[in-house]
Amino acid sequence: MFKYIPNILTIIRFLFIPVILYFIFTGNYILGFIFFTISGITDILDGCIARKFNLISNFGKLMDPLADKLTQISVLSALVTVEIIPVWILAIVILKELIMVIGASFLYGKDVVVYSKWYGKLATVLFYLAIVISLITKQLNITEFWVDFSLIIYCIALVSTIFSLVMYIKCLYQDGFIDKSDLNKETQKVVVKNKWKKSK
């Protein structure tokens, strides 16, 4: 049972998404903040437990970043809807994720999982921080400095997410996201076939 804890925590983050959205849309930003924070804590626990006890799985590698991105995009969409943040922040994030999906489609059918790296996690943490500040400032009706500060964090997070996109594209072609052993197998088959022809 213990080995499934990281995956259970990941699933909990998926279940928290509609709860967080409900509180944002009903104007209860403090509860939205609380559940969003709990979601972030489960994300941290998920990774720590998986690494410490060597419980890393392909399911976790795939679903953990998916839970992050779905939570992030869903909450950003809600914040745009209630006019807390400008729509261009959401547009850039969605465009980046679409490019990632298109890139992942090229890996379809290969024995490889594209998992989250530190620069992807950095962008996620920065967005979490910016969203938390947005929810608190809206609930407490704080303006001026904190509103401007949250916008600065969003901009830094956007720069980070664009950087992560560039790095993922680089890794796609250089660092083994495409399983090079597949290519080696194909080469070996050709060599064997040629040898068989010669011996014949």
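Note that the numbering runs from 1 along the sequence shown for the chain. In what follows, every heavy atom counts, from backbone to side chain, and hydrogens, waters and symmetry copies are set aside.
For residues 30-40, the set of pairs meeting the salt bridge (Lys or Arg N to Asp or Glu O under 4.0 Å) definition, not counting sequence neighbours, is empty. Among residue pairs with one or both ends in residues 29-38, none qualify as side-chain hydrogen bond (donor to acceptor under 3.5 Å, both in side chains); sequence neighbours excluded. Applying the salt bridge (Lys or Arg N to Asp or Glu O under 4.0 Å) test to pairs two or more places apart or on separate chains, none has a residue in residues 20-29. Screening residues 69-78 for salt bridge (Lys or Arg N to Asp or Glu O under 4.0 Å), with sequence neighbours left out, gives K69-E97. Residue pairs meeting the salt bridge (Lys or Arg N to Asp or Glu O under 4.0 Å) criterion with at least one member in residues 30-45, sequence neighbours excluded: R13-D43, D43-K121.
Residues meeting the ring pair (Phe, Tyr, Trp, His ring centres under 6.0 Å) test with F14, sequence neighbours left out: none. Judged as a ring pair (Phe, Tyr, Trp, His ring centres under 6.0 Å), and not counting sequence neighbours, the contacts of F23 are F35. With sequence neighbours excluded, the residues satisfying side-chain contact (heavy atoms from CB on, under 4.5 Å) with S160 are L122, A123, L126. In this view, I38 and F16, I34, T42 satisfy the side-chain contact (heavy atoms from CB on, under 4.5 Å) rule, not counting sequence neighbours. Shown here are the side-chain contact (heavy atoms from CB on, under 4.5 Å) partners of F163, two or more places apart in sequence or in another chain: W118, Y119, M167. Partners of T71 according to the side-chain hydrogen bond (donor to acceptor under 3.5 Å, both in side chains) rule, which considers only residues two or more places apart in sequence or in another chain, do not exist here. Residues satisfying the ring pair (Phe, Tyr, Trp, His ring centres under 6.0 Å) test with Y154, not counting sequence neighbours, are none.
Under a 3.5 Å cut-off, the side chain of T161 and the backbone N or O of L158 do not form any donor-acceptor pair.
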Subject >> Residues L151, I89; criterion side-chain contact (heavy atoms from CB on, under 4.5 Å); working and verdict >> reply: CA-CA 9 Å; L151 184 59; I89 293 177; 4.1 Å; yes
Original post:
Are L90 and I85 close enough, and set up right, to give a side-chain contact (heavy atoms from CB on, under 4.5 Å), and what steps lead you there?
Top reply: CA-CA 9 Å; L90 175 63; I85 63 173; 5.5 Å; no
**OP:** Decide side-chain contact (heavy atoms from CB on, under 4.5 Å) for L140 and I30; before the verdict, give the C-alpha distance in whole Å, the side-chain angles of both, and the deciding distance to 0.1 Å.
**Re:** CA-CA 9 Å; L140 301 179; I30 193 66; over 6 Å; no
